[in-house]
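Sequence lines set the chain letters: A, B, ... in the order given, protein chains first and strands last, and positions in each chain run from 1. Just so it is clear, the model here is predicted, and its values are computed rather than measured.
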Number of protein chains: 2
Amino acid sequence: MSKNKDTVVSLSKHKIACKDCSLFQICLPVGINGEELERLEQIIQRRRPVKRGDHLYHGGEPFRSIYAVRSGSVKSYVPTKNGNEQVTGFHLPGELLGLDAINNKMHSCSAKALETTSVCEIPYDEFELLSNELPVLHRQLIMLMSKEIFEEETHTLLLGKKSAEERLAAYLFSISSRYHRRGFSASEFYLSMSRNDIGNYLGLAVETVSRMFTRFQEEGLLSVERKHIVIHDLERLKMMTGAVPGKGGEQFFCLRSS
Amino acid sequence: MSKNKDTVVSLSKHKIACKDCSLFQICLPVGINGEELERLEQIIQRRRPVKRGDHLYHGGEPFRSIYAVRSGSVKSYVPTKNGNEQVTGFHLPGELLGLDAINNKMHSCSAKALETTSVCEIPYDEFELLSNELPVLHRQLIMLMSKEIFEEETHTLLLGKKSAEERLAAYLFSISSRYHRRGFSASEFYLSMSRNDIGNYLGLAVETVSRMFTRFQEEGLLSVERKHIVIHDLERLKMMTGAVPGKGGEQFFCLRSS
DNA sequence: AGACAATATTGATATTTGTCACTTTCGTTA
DNA sequence: TAACGAAAGTGACAAATATCAATATTGTCT
C-alpha cells in the first residue's frame, strides 16, 4: 500500500476490474470465462499513473513484466551512439509493450510515457505459471503477438519505399485507426508525440514533417494546430498512403486499422 | 498418413527427425524432452522441396500452417496497387514464416521461394491441440514470436533514419549474422535475392543498391560478384550500420545477430 | 506575469537519391 | 552454340529531402 494521498486517490480511481475496463475486448478478445478472468486479474497489477517522461523500463534491464496501456501513450526507443535515440514504436491505449523482451529475458529498448499514462502490469513469471493451468491465456498471448508481428510488418511496409508524403499519411491513418478502435474519434485527435519523435520514427527530418503538415493543411486534407489534428478527408488520406494492394487484394488491405 | 506416391517419396527422402536436424537448436532451443518431441514430430510435415518461384502461400488465403525453413530461402511480400510488390522480409534456414497470420486466420502476405527450398510445415490446429497437453510448446512458440518481434524492431531501426550506405551495410550484416548462426561462414555467402528485392526491402532504388555495392568494393570493405559476397572487414561493416547504442548499452546491441 | 527553454515553423541551400537512358553480363531455352 | 530476355551496372540529370539558419510559438518554472 502506498503512503501518500496522491497514490491512494489514484489507485481507488483506477482499480477497475478487467471486465469493466473499456479495453476489455481489445486486451482479451477471445472467450475467457469468469473464473479464468478472475484468476488472471489476481496477478495483474494496476500501477499508479506515470508522469510524462517517466520510464516503464530501460533497455538492458531484466525483463519481468508485460505492460498494457490503459490510458495515455508510451514511446519505445533505443539510444544510439551519437547520443540520439531511434524511436521504434508508439503504444496507445489497449496496446501491449515488452513482448520483444520475452525471448532475451532483457529489455532491448526503453519505454517512456509521452503524457500521464496508466498501465496494467502483468508479471510474466506468474502469467506463465497460471498459463500452465489455463492454456487459453497462452493462446491469447499468441494471438496478440501475432497481431503485433502483423503490425510491425505494416510498419515495414510504411517505411519501405514511400515518400515523405506517403509516410506521414500512413502514420496519421494508423494513429487515427487505432484511436478509432479504442472508441475515440477517427477524425479528430491529439498527437501526444512531438514532431521530433514522429520524424525519427518515420525516418524523416523534423522540418520535413512540419512541411508535410503544412502541405496537407493547404490541400484541405486536414487541419493541424500543434498537436491537435482534425482530418477532413479520411478516404483521401487512406489513398495517399499508397498501400492498397492490387488485384483481388481488397480483402487483405494491409495498412492496418488496429 | 499421405496417400499418393509422390508424397511418400518426398517423405522418405526428407524424413529427418527433429533431433537430427541441423536446425534443432534454432527451432527448439528450450528443454523439450524425448516424448514431447516425438509427439510434436508426429504432426510436423516435411514437404517436398519447392522450386524457385513457387509459393508457400498467397496473401488472402486462409491460414493453416506455420512453416520453418530447412534449407534455401523465402521472401515475403505484399502486392501493391501499381502491380508492383513490397517485400516485407526474407527467411533463411532455421527461421519461421506465417506467424503474422495466426491472429487474422488469413495470410496477409505471400511467400515465394527464392531458390530450391525445403520447409517443415506445422499445421496450426494440431499444434494447438497438442499444446493443450504440452504447455512447453506454447511457451516455445511465444519465445520464437518474441524473437520475431525483436527482429522486426531491428528492421524498423534499420529503415528508420539511415542513409543508403547504412541501410545496405545493416542488411549485409544481418544476413551475415543469420548465416553464421546457421553454421555457415559469416564472411562469405550467396545472396539468393535479386538487387531488385534488396532495394525494394530497403526502400532504395535498384541503381542505388548497385552503386553502394560498387562503392563498398572500391573501399575494400567487401568483394562482390553478382550474388557472391565476400566481406573483408566485418567489424567495419558493423560500425557502418550506425546501430551501436550509446552509454552502457553495449550489452544490448540492437542490430541483432540472429 | 515574465523569462527561459523546448518545440515548431519557414526559407535558402546543399546533398542524396531517384529516374531515365544506355550498356554489359548472365542465364535460359531453342 | 546462338539468341533472347532478365538482371545488373554506369552515367547524366532531376527531384526530393536533409541541413543550416533564423524566427515564431508554446509550455514551464519562478
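Separating the CD atom of A:E166 from the C1' atom of C:dG18 is a distance of 13 Å, rounded to the nearest angstrom. Regarding A:Y190, its OH atom lies at a distance of 14 Å from the C1' atom of D:dT26, rounded to whole Å. Spacing between atom CG of B:L168 and atom C1' of C:dT16 amounts to 15 Å, rounded to whole angstrom units. Atom CG in B:L202 sits about 12 Å away from atom P in C:dT17, given to the nearest Å. With rounding to whole Å, B:H228 atom NE2 is found 17 Å from D:dA8 atom C1'. Rounding to whole angstrom units, CE of residue A:M212 and P of D:dA16 are separated by 9 Å. Distance B:L204 CG to D:dA8 P: 15 Å, rounded to the nearest Å. Distance CG (A:L159) to P (C:dT17): 16 Å, rounded to an integer number of Å.
Under the 30°/60° scheme for interplanar angles, the aromatic rings of B:H107 and B:Y57 are found to lie parallel.
The number of heavy atoms from other shown groups lying within 6.0 Å of NZ (A:K51) does not exceed 12.
A cation-pi arrangement is present between A:K75 and A:Y77, with the terminal nitrogen or guanidinium carbon under 6.0 Å from the aromatic centre and inside a 45° cone about the axis.
Looking at A:R182 and A:E95, no side-chain N of the basic residue comes within less than 4.0 Å of a carboxylate O on the acidic one, giving no salt bridge.
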Notebook entry, point to check: With the sugar-phosphate defined as primed atoms, P, OP1 and OP2, and the base as all remaining atoms, what B/S/- string results for nucleotides 5-14 of chain C, 5' to 3', for protein heavy atoms under 4.0 Å?
Noted result: --BSBBBB--
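B:R167 has its side chain within reach of B:L159: a pair of non-hydrogen atoms, C-beta onward, lies under 4.5 Å apart.
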Item checked: side-chain contact (heavy atoms from CB on, under 4.5 Å) between A:H232 and A:L221, worked out -> CA-CA 5 Å; A:H232 298 135; A:L221 183 68; over 6 Å; no
